[in-house]
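Beneath this line is the structure, given in structure tokens, with notes to follow.
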Amino acid sequence: MNRPGLRSSHSICEWRGSMNNTLYRHRMAPVIGISAVFLAVMLTFLWSVGRYWSGVLQPRLAQAAQTHAEVLANAQATPLADILERTKGAVQRRALDTKLQELLLIVDPAVKEPLFKDVDLTFDYDLLERPSGSLDISTGERDCKTCYKVEVPLIDDRSNVFGIATFWVTDAYYRHLASNMKHRLYTEMSVALVVFIGVWVIVLVLYFRLQRAKELVEVSDRAKTRFLANVSHELRTPLNAILGYTQLFKRNQELMRGYGQGISTIDRSAEHLLLMINDILDFSRVESDKVQLIEREVSLEEFLGTLVEMTLIRARLKDIGFHHEFQENLPQVVNCDDKRLRQVLLNLLNNAVKFTRKGGVTFRVFRLTQQAELGSSRVRFEIADTGPGIPGNKLGEIFLPFHQLESSEASAEGSGLGLAISSNLLGLMGAKLRVESRVGEGSRFWFDLTLPVVIEASEQELPAKGNVIGYDGPELHILSVDDNALNRDVIHQRLAGFGFRVSDADGGARALEVLASDTVDLVLLDLLMPEQDGYEVLAAIRQRYSDAELPVIAMTASAQPEAVERGHASGFRDILFKPIAEEALLTALAETLPVIWRYEGEQAAADLASSGPVTTSLVLPEREIMQSLKDCARQHDVLGLRKQLEAIKPEPGMTVFVDKVQSMVRAYQFGPLVEWLESFERD
């Protein structure tokens with residue numbers, strides 16, 4: 001029996017046949033289009049040539065033949081008039097007969113036919129003073145239907161018309177000339193058609209070759225993408241275990257006292273390796289123009305501190321100085337794509353350290369605008385070094401892909417893609433990477449970035465630092481489904497450390513057994529498993545439980561952007577990427593489950609959770625404000641929440657309510673905040 005969600009061999013054959021037909025139609029559509037264009041042009045050409053012959057050349061030839069016939073007839077009418085004037089009596093009749101016989105014997109040398117087929121003479125006998133009908137002559141072939149009939153008056157010296165000469169001039173020369181011209185026209189047209197068809201065939205051949213080359217490139221690109229995705233997945237799986245265990249070890253104070261430095265080194269090294277893997281995937285996406293910015297709320301102080309820590313290690317290994325200057329009034333929390341921004345800054349910092357042999361590197365970050373404008377702040381990031389510098393004629397080349405300066409440092413490592421990728425990423429962020437350098441003195445790279453401000457440094461404190469030691473609320477049961485034993489162990493220990501009851505399953509069948517025998521509040525489900533993948537398991541779960549009854553969060557080692565879209569489209573509540581960072585795990589759990597975290601050394605969240613939804617000292621704001629606060633919390637709009645709380649804080653009795661909401665906002669507990677606000681509507 002086939003597993004649910006899998007196709008039978010017959011359906012697979014039908015699917016492949018359908019795909020082949022679709023690909024064939026897709027491939028042949030441009031061929032049909034090209035052929036249709038060529039056929040339309042060819043038919044238009046034939047129609048225009050035919051119309052040119054019948055509408056222009058043929059009428060002009062007929063008109064020229066008619067004119068030629070009239071000229072010949074007029075030329076022969078003059079001798080006939082002379083005969084009638086110079087001769088009299090019987091001699092006159094014989095002279096006319098002789099002249100007409102001579103006319104009928106004139107042959108056109110081009111066609112070897114007589115020019116005149118018939119001649120008819122009629123006279124006004126009163127003017128000639130001759131008996132009526134004595135000179136009327138008609139000789140030749142009267143039935144020449146294609147001949148030109150030309151009537152010419154016979155005029156004497158006194159301009160009197162004494163007769164009419166009717167000539168039937170042959171059209172043989174016209175027919176001969178028309179035949180020759182038509183043959184020549186269609187011969188040249190045939191040559192043009194042959195050339196046209198040759199071009200048609202060449203275009204089709206070139207199209208098929210280009211299509212084949214395009215398919216080969218696409219196959220190669222897909223193979224490269226699959227290779228990078230597989231390599232990324234295989235590397236992320238052990239990294240998930242490494243980072244998971246290091247985070248667990250860092251929570252153990254006894255271990256940290258004895259092996260803290262080593263554990264921190266392992267953790268930093270694994271994080272660095274993870275960044276390198278992400279950079280490889282980013283390089284692939286930059287090539288295919290698939291880079292997308294994903295903004296989120298970022299603590300600027302922690303973000304810059306991580307960069308300093310990572311760069312300081314490399315600088316110490318090279319025995320050079322490293323200094324950082326961060327302006328005091330920098331915003332504390334901003335909205336940005338921290339992964340892309342970190343990639344750019346790390347590349348610039350690493351280049352500065354790599355090319356500097358003596359002296360040092362300075363990392364400066366300062367605000368260009370002293371006051372936030374429309375909720376945003378323009379910040380300059382600047383990296384300066386005392387390296388060898390870059391010649392002026394080379395400054396325009398350093399941003400080209402695969403370009404490296406001719407130096408021992410450049411050739412020792414790197415592919416020459418860092419600055420090109422950084423420049424492209426900054427372009428997506430609306431910034432431009434700039435550089436100035438002097439040979440022998442060093443270089444300075446900088447860019448100005450507009451960052452939406454969430455929390456200003458002078459207005460709000462960052463959430464209290466420290467480890468999460470548990471949560472307030474009823475005991476919750478989480479089911480972790482993963483075919484990798486190490487990953488199951490890591491997630492089990494991490495969740496159990498927070499106080500959750502955790503069950504494990506190595507596949508979809510075992511997961512369904514656990515769900516059938518016990519109550520589960522949340523499922524963490526791996527997407528890539530050998531028997532049934534996560535999408536098939538989710539489909540089986542949804543046949544029994546709705547999303548509201550049992551939320552499911554996906555876990556995946558695939559960092560492709562398509563995974564997020566497919567995951568949400570399939571019905572997953574959230575997507576966690578391996579290695580799963582503790583912050584991402586805590587955020588996903590807090591947004592899905594009714595929990596309020598308790599931090600080491602901080603009891604504000606616990607006190608808030610232990611207090612009921614209504615106390616004697618708690619005064620609630622108006623219904624419209626409560627609804628607005630819930631809307632801001634659902635959107636994680638910290639700035640909107642703060643403005644609303646500042647507006648209602650001066651009102652009598654609002655201090656307790658404002659303090660409690662602010663405590664949850666500081667801890668980024670947006671899900672529990674919504675639950676807490678909605679609890680007042682149920683009471």
Side-chain angles (χ1 to χ4, degrees), residues 268 271 275 293-315 321-353 360-385 422 425-436 443-466 581 583 587 636-643 645-646 662 665-668:
R268 285 195 302 268
E271 288 284 358
L275 290 175
L293 298 180
I294 303 177
E295 295 187 351
R296 68 186 189 98
E297 294 177 3
V298 178
S299 169
L300 193 57
E301 180 182 355
E302 294 181 3
F303 173 79
L304 296 176
T306 302
L307 293 175
V308 169
E309 182 180 358
M310 297 178 67
T311 309
L312 186 60
I313 297 174
R314 298 197 63 181
F322 178 72
H323 310 281
H324 63 277
E325 301 174 6
F326 300 152
Q327 199 173 37
E328 292 184 356
N329 66 341
L330 289 175
Q332 286 193 346
V333 180
V334 296
N335 267 326
C336 70
D337 189 331
D338 57 324
K339 294 182 179 179
R340 305 299 180 190
L341 184 57
R342 181 187 294 111
Q343 181 180 357
V344 172
L345 290 172
L346 273 180
N347 178 70
L348 296 176
L349 289 168
N350 290 341
N351 282 348
V353 172
V361 175
T362 302
F363 181 26
R364 300 185 184 92
V365 181
F366 53 92
R367 203 172 189 171
L368 295 178
T369 53
Q370 296 300 319
Q371 298 295 330
E373 299 174 357
L374 301 177
S376 64
S377 179
R378 193 159 183 81
V379 179
R380 172 166 293 183
F381 299 84
E382 179 182 302
I383 294 95
D385 63 67
S422 298
L425 290 176
L426 288 175
L428 293 176
M429 299 178 191
K432 183 177 181 180
L433 182 58
R434 303 179 184 275
V435 58
E436 65 178 18
S443 306
R444 182 172 71 98
F445 289 83
W446 78 93
F447 59 89
D448 302 332
L449 196 60
T450 301
L451 300 173
V453 177
V454 178
I455 300 178
E456 284 285 357
S458 59
E459 297 178 357
Q460 185 76 349
E461 296 180 356
L462 287 173
K465 296 182 179 180
E583 179 185 358
T587 301
H636 297 189
D637 186 1
V638 178
L639 190 60
L641 288 168
R642 289 181 51 257
K643 289 182 178 179
L645 294 174
E646 289 175 356
Q662 283 181 339
V665 173
R666 291 193 191 101
Y668 293 99

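Scope of the values below: all heavy atoms of this structure, side chains included, with no hydrogens, waters or symmetry mates.
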Q | Worked verdict on Phe303 versus Leu345 for side-chain contact (heavy atoms from CB on, under 4.5 Å) | A | CA-CA 11 Å; Phe303 173 79; Leu345 290 172; 3.9 Å; yes
Q. Atom CZ of Arg342 and atom CG of Leu304: how far apart are they, to the nearest 0.5 Å?
A. 10.5 Å
Q | Validation row: Leu341, Val298 side chains within 4.5 angstrom (heavy atoms) | A | no
Q. What pair of heavy atoms forms the shortest contact from Ser422 to Asn347, and how long is it?
A. OG-ND2, 3.2 Å
Q | Approximate separation, where rounding is to 0.5 Å, of Gln327 CD and Arg364 CZ | A | 12.5 Å
Q.
Just verifying a value: how many Å separate Lys339 NZ and Leu346 CG, rounded to the nearest 0.5 Å?
A. 14.0 Å
Q. Hey, what do you get for CG (Asp448) to CZ (Arg378), rounding to the nearest 0.5 Å?
A. 5.0 Å
Q: Check side-chain contact (heavy atoms from CB on, under 4.5 Å) between His324 and all other residues, then give those that pass, not counting sequence neighbours.
A: Val308, Phe326, Phe363
Q | From Met429 atom CE to Leu451 atom CG, the distance as rounded to the nearest 0.5 Å | A | 9.5 Å
Q. Would you call Thr311 and Val361 a side-chain contact if the rule is heavy atoms closer than 4.5 Å?
A. no
**Q.** Ser377 and Val334, any side-chain heavy atoms less than 4.5 Å apart
**A.** no
Q. Side-chain contact, heavy-atom cut-off 4.5 Å: Ile294 with Asp337?
A. yes
(Q) If I compare all heavy atoms of Asn329 with all of Arg367, which pair ends up nearest, and what's the gap? (A) O-NH1, 2.8 Å
Q: For residues Leu449 and Ala431, report the shortest heavy-atom separation together with the two atoms involved.
A: CD1-CB, 3.8 Å
Q) Roughly how far apart are Glu297 CD and Gln332 CD, rounded to 0.5 Å? A) 13.0 Å
(Q) Quick one, Val344 and Phe381 - any side-chain contact, counting heavy atoms below 4.5 Å? (A) no
Q. If every non-hydrogen atom of Phe366 is compared with every non-hydrogen atom of Glu382, which pair is closest and at what distance?
A. CE2-OE1, 4.2 Å
Q.
If I compare all heavy atoms of Ile383 with all of Ala352, which pair ends up nearest, and what's the gap?
A. CG2-CB, 3.8 Å
